[in-house]
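This report concerns only the one structure given below.
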There are 2 protein chains.
Amino acid sequence: MVTSRDVAALAGVSQSTVSYVMSGSRSISRKTRARVEEAMRQLGYQPNASARALAGRRTHVLGLVVHVSARTELAGVLPFIETITAAAREREYDIVLVTADEGRAGLERLARRGIVDAFIVMDVTREDERIDTLTTLALPTVLIGRPDDSRGLHCVDVDGWRAGELAVEELIAAGTGKVIVIGEPADVPDDRYRFIADFEAGACHQAEHADVSAEVVHPPEPGWPGILATRDLLLSAHERTGILARTPIAAERVVQLLLEAGIAPAHDVPVVAMCEDDVAQELRIPVTNVSADSRQVARRAVDALFVQLRGGTDLPGLQLVAPTLTRRATTMTSQDRGRAGLDATEASRHT
Amino acid sequence: MVTSRDVAALAGVSQSTVSYVMSGSRSISRKTRARVEEAMRQLGYQPNASARALAGRRTHVLGLVVHVSARTELAGVLPFIETITAAAREREYDIVLVTADEGRAGLERLARRGIVDAFIVMDVTREDERIDTLTTLALPTVLIGRPDDSRGLHCVDVDGWRAGELAVEELIAAGTGKVIVIGEPADVPDDRYRFIADFEAGACHQAEHADVSAEVVHPPEPGWPGILATRDLLLSAHERTGILARTPIAAERVVQLLLEAGIAPAHDVPVVAMCEDDVAQELRIPVTNVSADSRQVARRAVDALFVQLRGGTDLPGLQLVAPTLTRRATTMTSQDRGRAGLDATEASRHT
DNA sequence: TTGAAAGCGCTAACAA
DNA sequence: TTGTTAGCGCTTTCAA
């Protein structure tokens, strides 16, 4: 193993000088710096992380707490993980994964053993017991999600209320006279996550505002059978039903049901989904979607974390990311489609 | 911060005794051990990871290299990550995530800086440039996947050939006279991963063996448009077509196309997919699937890694996990379904 | 602008 | 069975 002593010896300087060249926390003459850097290059030197952490009291590691086992929205966490990892690496930080089922003990272990400098916690519920642990650990922390009481911890989340509003606005513009929101399966509480509660509330509020009826449907069971059980409700096109799906999976299933029944999303029944743009674009029919851009959420979370790591204290406490709506086939009229230069065949083929 | 010195002081022993109590590498009297453990408990002591790593030359961290950004099969990696993390934690190891696009440099950094003790590398291609780096780094390593030349690195993979065989066997038993394998989109080389190449070869071999024609179809583009372009081929039921999808996404799309066209998977066109059991069960119609059980693959990989970490050298070099087939609706006759006590309505409704 | 030296909190060899 | 001590490879203070 190559150590800073080896580098120092080769460069003919003291070991501490090598350290100062790396940290930049002391001015070094051009000549010395050049010699040291050349020696590092020659030896392929890489500073030992444990020694550095021990002496410097910084591990350069972030703890990322994720619900990998939750079946719901399985793929949704990957863009987060990807973006967080990349953003951390840009700042010379590595990521240690913690699964949520390690719970509070996992957080304590990572913090107390000095494995991580900071935490990013995803899938935060409204009454998350980890908040307590995190506040006493007193490490820089960012929550993705929004607890009812964040106890001063910084939160980044998508504005669920606005997302619901946007979606319903679009449904109504597409001619909806009755909004059906596909909610959680009946056995799952839908106020566990603030985002979901806000989303449904925002949607209903916007419907009410436009004097349109709205209903949150809770499938009696999870998965396909659950959606199938709501089939009759969804197919009641004569009521000018418009459907709002909170997940891409729900959207996919709804679209599929409509197509099988010979109903064209858009023409007969408008559909809006809450999901990422790329996913919306890749469904059977491109679905008009409200997108949260998880990459942006992730980037903001990492940014906020590094503000804290640098001792910053002037954080807003809550950053709500505004969702955006992208109109696609499922809320377009045929004129729209012509105007957009799109091929109407796909959707109309099934009417 | 609570250190082992604090514990030692409270317990009235030397600091090294505390260390020996933790490692168990020296016999300690019952009395002393009890006193030390009580002191640890009282102080909530957790050993500092950096100090431990520096002194003990073991970081207790594994590097997990994953392709998080690859759009294909996005959700597929999560069970791996979950299982690997859990298995590592059982052995007191943490996981540092490395994204594959850090490439060889990422591996070198982690190894040379002493951040990790070992590597698990996923998504290994047949000609993976990282193999070179890994062999020179000489850390314990397990590859998930199968390069053409593993250079002595231990590999764990699913037996793709067997998977292809099993699937086609089932299709033929279900009355298939012509096997269509949904292959990679035309712009993606399908011999990049050994598993894919073997899967297609195994499938074709098995078809040939039964004197049935087989064809690997490469959709002209990725995503839905690609599948749509193969529609006519897939719907040629009069040729007693049987469809083999290598991914759950392809399976989902095929099933959907068939249903929209009023063709019942199973009754008219049998479908077999390569995917996890839970996913197969949750598609529009439960699809007969060949399953690799990624959890088992992951567990074997971690096991093999710890054999190496303990200095073991008698590893086989390659562990091929045998896939299993589960018959579901898409290859059942109506009799089967009756026998299995299942409801035939779903599938037959669309015939 | 640089060097010497004292830790950081552990592990493990050596000594008793 | 236990204690003493010399590092592990850095960061950072103190001194020049």
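So you know, we letter chains A, B, ... as the sequences are listed, proteins then strands, and number each from 1. Since the model is a prediction, treat every value here as computed from it, not as a measurement.
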Please state how far atom [atom1] in [X] lies from atom [atom2] in [N], giving the value in whole angstrom units.
X	N	atom1	atom2	result
A:K31	C:dT1	NZ	P	13 Å
B:D117	C:dT11	CG	C1'	15 Å
A:Q15	C:dA4	CD	P	11 Å
B:N48	D:dG9	CG	P	17 Å
B:R35	D:dT1	CZ	C1'	13 Å
B:L54	D:dT11	CG	C1'	12 Å
A:R5	C:dA4	CZ	P	12 Å
A:R58	C:dC8	CZ	P	19 Å

Students often get this wrong, so: under 4.0 angstrom with heavy atoms, is [X] touching a base, only sugar-phosphate, or nothing?
X	value
B:R57	sugar-phosphate
B:V18	nothing
B:S19	base

Is there a side-chain contact between B:S4 and the phosphate of C:dG9, meaning an N or O under 4.0 Å from OP1 or OP2?
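Answer no for this pair, as no side-chain N or O of B:S4 is under 4.0 Å from OP1 or OP2.
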State whether the distance check finds a donor on one side and an acceptor on the other, under 3.5 Å, for side chain A:S14 versus base C:dA4.
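For A:S14, whose side chain was compared with the base of C:dA4, there is no donor-acceptor pair (under 3.5 Å).
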Nearest to the side chain of [X] - [options]?
X	options	value
A:R26	D:dT4, D:dT13, C:dT11	D:dT13
A:S16	C:dA5, C:dG9, C:dC10	C:dA5
B:S29	D:dT2, C:dG3, D:dT4	D:dT2
B:Y45	D:dT1, C:dC10, D:dC10	C:dC10
A:T17	D:dT5, C:dG9, C:dT2	C:dT2

Keeping the roles fixed (side chain from [X], backbone from [Y]), state whether a donor-acceptor pair exists under 3.5 Å.
X	Y	result
A:D117	A:R58	no
B:Q308	B:T141	yes
B:D132	B:E129	no
A:R146	A:R194	no

Considering heavy-atom distances to DNA chain D, does A:Y20 or A:T3 have its closest nucleotide positioned more toward the 5' end?
A:T3
Using heavy atoms to find the nearest nucleotide of DNA chain D for B:A51 and B:I28 separately, return the residue whose nucleotide is more 5′.
B:I28
Would you please classify the geometry between the A:Y93 ring and the A:H60 ring as parallel, tilted or perpendicular, with 30° and 60° separating the classes?
parallel
